[in-house]
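Written below as structure tokens is the structure these notes are about.
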Amino acid sequence: MKNLNLLGYGLFILFIVLIIVWVGKICYKNGNLFVAELIPGHVELCHQINKVLLIGYYLVNIGYCALTLSFWEPIFSVSVLVEVVALKIATIIMILSVLHYLNIFILATSVQKLIKQQ
Amino acid sequence: METTKILIGYAVYVPIALILTLYVSKTLFRNSKIYMLDIFRGREEIAYATNKLFETGFYLLNIGFALMILKINLYDNNYQELVEALSYKIGSFSIYLGLMLFINLYFFFRGKRKAKEQTRPIPEPPRFVA
């Protein structure tokens, strides 16, 4: 029987890079506002900080995804292919969502002052 | 071929789960803008940015969960079992979605209450006037 691992890797990388880039873009665009409040009066500097944060996020996530590729079980049928790809993508998405909510709560607590002063 | 029915199940389940998630989060976060504006005292930029970030988190959490419970096991490989398994999957996923919706709503209401508490002026102690 043919081994479908390579096809699985291709699909996985395609989906996961799409998701990571999409989430990163949204967080970058909407996070600008929050980061700009961290060092008041230096909007340009905060912009650069946010860019560096985005690059770091890409590197960590895509690197982690590439690492997990080494631990896949051998795949011999299409249904197992779908299951394994879905489970791997789900794991990454769950990690992303936990990190994302953590970020929101940190921002919300550090921005509390900002809300209060208004 | 032995696995076709499971594959049909996946082909039905994934689009339904994605569409459900999309529909629920679109509805929730279109209506939550008002709460966000209330919480942030009408500062539109920050309210909309927070709203968008919460929406992204909602998508990630729910699509991740939907894919995590994807695996279907069929013993006899017939259509009856397929329909039963599918309805169990989709039903439990939509119950989960409902729970998430209510949790999010709770957060909005809580934020609104907190914002209201902060605006209330501190009552001045009574003074005696001679």
Side-chain angles (χ1 to χ4, degrees), chain A residues 1 4 11-12 15-16 18-20 22-37 50 61 75-109 111-118, chain B residues 1-14 17-18 21 29 36 38-74 77 82 89 100 103-104 107 110-111 114-115 117-119:
Chain A
M1 242 182 162
L4 291 170
L11 281 177
F12 174 71
F15 280 127
I16 215 68
L18 270 180
I19 291 171
I20 287 175
W22 177 68
V23 171
K25 245 185 204 157
I26 290 178
C27 288
Y28 173 74
K29 235 189 294 169
N30 293 293
N32 252 338
L33 207 66
F34 292 98
V35 177
E37 303 287 347
N50 205 11
N61 274 300
I75 299 166
F76 289 114
S77 72
V78 182
S79 67
V80 176
L81 172 75
V82 176
E83 282 157 19
V84 170
V85 169
L87 199 65
K88 298 280 174 185
I89 291 178
T91 317
I92 302 280
I93 293 181
M94 284 305 217
I95 293 174
L96 265 183
S97 72
V98 168
L99 287 178
H100 184 69
Y101 274 113
L102 218 76
N103 253 331
I104 289 183
F105 281 116
I106 290 171
L107 278 177
T109 46
V111 168
Q112 268 304 318
K113 287 175 261 160
L114 186 99
I115 304 169
K116 271 178 192 157
Q117 81 186 210
Q118 206 66 23
Chain B
M1 185 136 170
E2 206 193 352
T3 55
T4 39
K5 296 214 174 45
I6 296 182
L7 279 183
I8 292 172
Y10 292 154
V12 174
Y13 171 72
V14 172
L18 290 185
T21 313
F29 289 100
M36 284 293 181
D38 241 27
I39 292 169
F40 288 100
R41 313 273 157 68
R43 303 174 64 202
E44 283 190 10
E45 284 175 330
I46 213 167
Y48 289 156
T50 314
N51 200 27
K52 187 78 190 165
L53 287 176
F54 266 105
E55 192 179 346
T56 311
F58 193 81
Y59 277 133
L60 285 176
L61 200 63
N62 292 320
I63 292 177
F65 186 77
L67 290 180
M68 214 171 235
I69 60 164
L70 174 97
K71 188 169 171 143
I72 295 175
N73 278 321
L74 298 181
N77 200 31
L82 174 65
K89 281 261 137 81
M100 280 292 145
I103 290 175
N104 256 299
F107 278 131
R110 205 183 70 141
K114 285 243 165 115
E117 274 170 12
Q118 280 168 22
T119 48

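These numbers come from the heavy atoms of this one structure, side chains and all, not from hydrogens, waters or symmetry mates. On a predicted model such as this, the values are computed, not experimentally measured, just so you know. Each chain gets a letter, A, B and so on, in the order its sequence line appears, and its residues count up from 1.
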Let me have the donor-acceptor pairs involving side chains of residues 82-90 of chain A, under 3.5 Å, with sequence neighbours excluded, atom names and distances please.
{"residue": "A:E83", "atom": "OE1", "partner": "B:K71", "partner atom": "NZ", "Å": "3.4"}
{"residue": "A:E83", "atom": "OE2", "partner": "B:Y10", "partner atom": "OH", "Å": "2.3"}

| request: Go through the atoms of B:I72 and report whether side chain, backbone, both or neither lie under 4.5 Å from a heavy atom of chain A. | output: backbone
| Among B:T56, B:L53, B:L70, who wins on heavy-atom pairs under 4.5 Å with chain A? |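 Ranked by contacts with chain A, first place is B:L53.
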| query | After noting the C-alpha distance and the side-chain angles of B:T21 and B:F65, does the key distance pass the side-chain contact (heavy atoms from CB on, under 4.5 Å) rule? | reply | CA-CA 11 Å; B:T21 313; B:F65 186 77; over 6 Å; no
| Do the rings of A:W22 and B:Y59 sit parallel, tilted or perpendicular, given the 30° and 60° boundaries? |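 Ring orientation of A:W22 relative to B:Y59: tilted.
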| To the nearest 0.5 Å, what is the distance between OG1 (B:T50) and CG (A:L33)? | 8.0 Å
| said: Please classify the contact between A:I104 and chain B as side chain, backbone, both or neither, with a heavy-atom cut-off of under 4.5 Å. | reply: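 The side chain, not the backbone.
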